[in-house]
Amino acid sequence: MNPFDKAFNPAQFEARVEARWREGDLFRARPDTPGSAFSMVIPPPNITGRLHMGHALNNTLQDILARWHRMHGSDVLWLPGTDHAGIATQMVVERELIREGSGREALGREEFVRRVWKWKEEYGGAIASQLRRLGASCDWSRERFTLDPGLSRAVREVFVRLYEEGLIYRDKFIVNWCPGCRTAVSDLEVLPQETRGQLTTIAYPFAEGGGSIHVATTRPETMLGDTGVAVHPEDPRYRALIGRRVVLPLVGREIPIVADPFVDPQFGTGAVKVTPAHDPNDFAAAQRTGLPAIVVMDGQARMNDAVPAPYRGLDRFAARERVLADLGAAGAIVAVREHFHNVGRCQRCQTVIEPLLSTQWFVRVKPLAAPAQQAVADGRVRFTPAHWVNSYNEWMENIHDWCISRQLWWGHQIPAWHCGNCAHITVARDTPAACGGCGGTALRQDPDVLDTWFSSALWPFSTLGWPESTPELRRYYPTTILVTAFDILFFWVARMIMMGLKFMGDVPFRQVYIHGIVRDAQGQKMSKTRGNVIDPLEVIERHGTDALRFTMAAMATPGSDLPLAEERLAGYRAFANKIWNATRFVVMNLDESAANSPPPGLPPHAELTLPDRWILSRLQGLTRSVGASIEACRFDEAANALYQFLWHEYCDWYLEMAKPFLVAAAQPAETARTRAVMVEVLDAVLRLMHPFMPFLTEELWSRIPHAGDLLAVAPLPVPDPSLDDPVAEADMAIVMEIVGRVRNIRAELNIDPGRRLPLLYDTREERPARTLAATAAILTSLARLDRLEAGGRLDREGPAARAVAVGVDLAVPLAGVLDLEAERRRLQREVDRLTTERDGHARKLANPDFLERARPEAVEKTRHAHAEVAERLERLGRTVASIS
RNA sequence: AGGCGCGUAGCUCAGGGGGAGAGCGCUACCUUGACACGGUAGAAGUCAGCGGUUCAAAUCCGCUCGCGCCUACCA
């Protein structure tokens, strides 16, 4: 074992501890063992991913749950894995090819896909090893990848079944087309962005002459694909024009004026140009009114051959300029004004999305959404925090069909085959030998792949072996809980619920814990462009994994984001250091041989001193509250309770009180008893703390007397009601108050901290008297006294600083040193404070309504508090009088 | 436009009908044999504003202001 360094240095043990866990094979789920199971699937990070703060937060919280339940005795499955991330991964590899002077087209599909697999083998594992570094206690033997054979089989099975039920269909429809990625994307992958643009009003002349109708547009280039003009059927300005024809400028095509209620008479001119192939509203209107659709752009958003020659081949934005110039020259522009509107951009590449009519595959989601909504409504899936149910319901109610085909090469190729002879499409689990329509054998598989989220939606059961009924599937589905951030509530969570219900007949998880996202100290989203990214791996190097994890846990307040500041990390690193040194202190005060022997166990209760009984009682409270907090996913509460207990109760008070019993001059029996209690409590708190700070606690636990091999699989402490001791807690409150009073005197009267002081006390009450007598050695040590004397008149020794504690008058004789003026000010402040407090209580008690209507306990409590403060104030008043 | 959330100490945030709290920061003092990544003491708040309910409101309700986010539409 390494020497016990004075300072905590995580780099020294983290890797070693991780290796011990790995060698111990501790995190493997055991589906065949009896007892309760706890299961969770990881939100699979992209194979292109590198650990960021979002992962750190998400996986820290999951790991806390996994470790907690493992130590609680459950059979824990935390299933890890990665997502093939269609577009993202394809882009990474394409960029690589471009750097090599090649490209995806040059390689061809088969070779390209081989290349991406190669990339995956090389780099796709990085994120998993970074998760290990974070301490993630996943069952790595069950790691999955969304393109694994097993998961691919599940994908095909789901696709075929949905197709056979008519819930997947292929149709020509307006979709969100990304000209940058050259694929369709779903509604969720389009991010609206407020943009300053122009609203141009154009005159379309009537075919038979005699004027024109004015239409307004923000995308003038699309007019080349107009097939009509729409007005509201009730609009009196235009009613007479319905059915007349206009000539499309620059194109010369005659198009009709039609009526459709989608037109808002209040907006623009109240007349709308209709471009069915490039606008969803126009498409819908065209379907209702029978207008044809003309696609005017290619996959890269360049004008195609359907437009007049001058515009062909122009990029859509160049075409826009050209159209505007030509319309201007032709005198067709009526007005141009600045206009702010939302422009949809691609989530991946930020290219402006072009609505485009094309043939795609869709999932009819409404029939899946209804049961999914029901499952949440009746509590089969519980959302934490619950308010997310609102967003979930709203989305489910307004859900549109899901475009699942992507014009990519990396992903699950759609299991549909087109026939060379007939129009039939054969959808099958395995490559069919012949067309299901005509029996022809000239089959070509649909080139498109599925949206990555399609396979993610199956993750909770595809990873457990579905469609086989495996032991894993039977035991771990539905999973206990899903931990995720709100930004993928619709992308992922909602779809998993739909698919789980559809194919497993049950929800995929019983609870969803939705956490916030990590931001910078100013609350800004972290992004490379802002340059405010805090890299978790760098934090781990600077402060250690445990400080990072504890920060994540302590900041994980439900329903809010986490503004992460460097000081916060440093603060929890200091906490780790505190734990390190507390353990160091304990170990230094044990027999040298003790570390490798089992803990001595608690001495008989009758031998325990007040501090022993106090800290043990506090520990029971801590054990209960941490357990309750974890159950409620209040990681912040649990972390704060541990922090408070370890630092401000165990270190600040218990270990300080233990010191007099650990010196060579102490009674051997007292030393042994103190050692036993301080080890017992430290052992318990290291166990409770382990899920939060696994590396540090594992390392320290191995250095104190412990039973068992590894803390990661040691049992959690169980609250022991026989150690609850409210009397000890109340008595310790007296001791703590008296020590505080003396320290206050010392600090406020500027007395040398090193100087030992005499303390006289006077009490007529039995309990404080007994407590003080029993804790004389402790008081002497903590308050740095040289004399502690009971009874008698406190003023007999001349000038003294005074204080009153609960039931006790105190005097610190300070002949020759006391600054009387300072002392008077100090006491006056205390008198003022108590007076305010007493008057507050008195006011309430003088109110008959309060006495009559408030709960009797509340009245009693106020009476008690009033009496107490009044009594104390009276004693203080006498004390002040006696010195002046 | 609709929905959700938030406004509490200088900063970041807990709390949520009867005592205004934590961490960091700040001030003063202290290298006391675990820890200066430490110790002790202290200063610091109109709990956004207005109104209501209540014996009692930071807490519940309504409105206003400010901030953030989500969803939809925007020719």
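In what follows, every chain begins at residue 1, and chains take the letters A, B, ... in the order their sequences are listed. In this text the structure is predicted, and so the values were computed from the model without any measurement.
Ionic pairing of A:E830 and A:R741 is present here: one or more N-O contacts between side-chain nitrogen and carboxylate oxygen are shorter than 4.0 angstrom.
Regarding A:M678, its CE atom lies at a distance of 11 Å from the P atom of B:A34, rounded to whole Å. In this structure, A:D187 places its CG atom 11 Å from C1' of B:A72, rounding to the nearest Å. Residue A:W388 contributes atom CH2, which lies 12 Å from atom P of B:C69 at whole-angstrom precision. Atoms CZ (A:F491) and P (B:C70) sit 11 Å apart, rounded to a whole Å. Protein atom CG of A:L642 is 15 Å distant from nucleotide atom C1' of B:A22, rounded to whole Å. The distance between atom CZ of A:F486 and atom P of B:C6, rounded to the nearest whole Å, is 14 Å. We find that CG of A:D849 is positioned 14 Å from P of B:U53, with the value rounded to whole Å. For the pair A:Y650 OH and B:C35 P, the computed distance is 16 Å after rounding to whole Å.
Within the nucleic acid shown, A:A582 comes within 4.0 Å of at least one base atom, counting heavy atoms only. Among the protein residues, A:V215 comes within range of no part of the nucleic acid, since none of its heavy atoms lies under 4.0 Å from any strand. Residue A:K525 is classed as having no contact, given no heavy-atom separation below 4.0 Å to the nucleic acid. A:Y643 comes within contact range of the sugar-phosphate backbone alone, with a heavy-atom separation under 4.0 Å but no base atom that close.
Donor-acceptor pairing under 3.5 Å is lacking for the side chains of A:Q644 and A:N640. In this model, a donor atom of one side chain and an acceptor atom of the other lie less than 3.5 Å apart for A:N744 and A:E748. No donor-acceptor contact under 3.5 angstrom links the side chains of A:T289 and A:D260, judged on distance only.
Residues A:T218 and A:M588 both approach RNA chain B. Their nearest nucleotides, taken by heavy-atom distance, put A:M588 toward the 5′ side. A residue-by-residue look at A:I751 and A:F585 shows that A:I751 has its nearest nucleotide of RNA chain B further toward the 5' end.
Here the separation of B:G7 from B:C11, taken at their P atoms, is 14 Å to the nearest Å. If you take atom C1' in B:C13 and the same atom in B:A58, they sit 15 Å apart, rounded to whole Å. The separation of B:A56 from B:C73, taken at their C1' atoms, amounts to 48 Å, rounded to a whole angstrom. With C1' as the reference atom, B:C61 and B:A22 are 30 Å apart, rounded to whole Å. Taking the P atom of each, B:A20 and B:G33 are spaced 40 Å apart, rounded to whole Å. Remark: the separation of the C1' atoms in B:A44 and B:U27 is 11 Å, to the nearest Å. Here the separation of B:C37 from B:G18, taken at their C1' atoms, is 41 Å to the nearest Å. If you take atom C1' in B:U8 and the same atom in B:C67, they sit 16 Å apart, rounded to whole Å.
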For nucleotides 36-44 of chain B, print each protein N/O atom paired with a nucleotide N/O atom at under 3.5 Å, atom names and distance only.
from: B:C37; atom 1: O2'; to: A:N577; atom 2: ND2; distance (Å): 2.6
from: B:C37; atom 1: O2; to: A:R573; atom 2: O; distance (Å): 3.4
from: B:C37; atom 1: N3; to: A:R573; atom 2: NE; distance (Å): 3.2
from: B:C37; atom 1: N4; to: A:R573; atom 2: NH2; distance (Å): 3.3
from: B:G38; atom 1: O3'; to: A:K578; atom 2: NZ; distance (Å): 3.0
from: B:G39; atom 1: OP1; to: A:K578; atom 2: NZ; distance (Å): 3.0
from: B:G39; atom 1: OP1; to: A:W647; atom 2: NE1; distance (Å): 2.5
from: B:A41; atom 1: O3'; to: A:N744; atom 2: ND2; distance (Å): 3.2
from: B:G42; atom 1: OP1; to: A:N744; atom 2: ND2; distance (Å): 2.9

Return the polar atom pairs (N/O with N/O) between nucleotides 8-14 of chain B and the protein under 3.5 Å, or none.
from: B:A14; atom 1: OP1; to: A:S560; atom 2: OG; distance (Å): 3.1

Short N/O separations, protein against nucleotides 16-20 of chain B, under 3.5 angstrom:
from: B:G18; atom 1: N7; to: A:R855; atom 2: NH1; distance (Å): 3.4

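Within 6.0 Å of atom CZ in A:R755, 12 or fewer heavy atoms from other residues, nucleotides or ligands are found, so the atom counts as exposed in its surroundings.
In this structure, A:F635 has its ring center closer than 6.0 angstrom to the ring center of A:Y513. In summary, the aromatic rings of A:F13 and A:F695 are positioned with their centroids too far apart to meet the 6.0 Å limit. Two rings, from A:Y392 and A:W388, have their centers 6.0 Å or more apart.
With both pairing distances under 3.5 Å, B:U27 is matched to B:A41 as a Watson-Crick or G-U wobble pair. The partner of B:G51 is B:C61, by the rule that a Watson-Crick or G-U pair needs both atom distances under 3.5 Å. For B:U12, the paired base is B:A22 (Watson-Crick or G-U wobble, both distances below 3.5 Å). Base-pair partner of B:U46: not found among the strands shown (Watson-Crick or G-U wobble, both distances under 3.5 Å). Base pairing of B:C35: no nucleotide in any strand meets the Watson-Crick or G-U wobble criterion (both distances under 3.5 Å). For B:C69, the paired base is B:G3 (Watson-Crick or G-U wobble, both distances below 3.5 Å).
Here B:A34 is the nucleotide among B:C73, B:U71, B:A34 with the atom lying nearest to any side-chain atom of A:E656.
Between the side chain of A:R746 and the main chain of A:A783, a donor-acceptor pair closer than 3.5 Å is present.
For A:R495 and A:F490, the positive end is not near the middle of the six-membered ring at less than 6.0 Å and at most 45° from its axis. Geometrically, A:K659 engages A:F585 in a cation-pi contact defined by less than 6.0 Å to the ring centre and at most 45° from the axis.
Between A:H341 and A:H339, the ring-plane angle classifies as tilted under the 30° and 60° cut-offs.
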Test side chain to side chain donor-acceptor pair (under 3.5 Å) on A:E566 and A:H543; report intermediate values, then the result.
CA-CA 10 Å; A:E566 173 61 29; A:H543 299 298; 2.8 Å; yes
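Of the residues listed (A:L564, A:L562, A:D561, A:N532), the one engaging A:R519 in a side chain to side chain contact (heavy atoms under 4.5 Å, CB included) is A:D561, and it is the only one.
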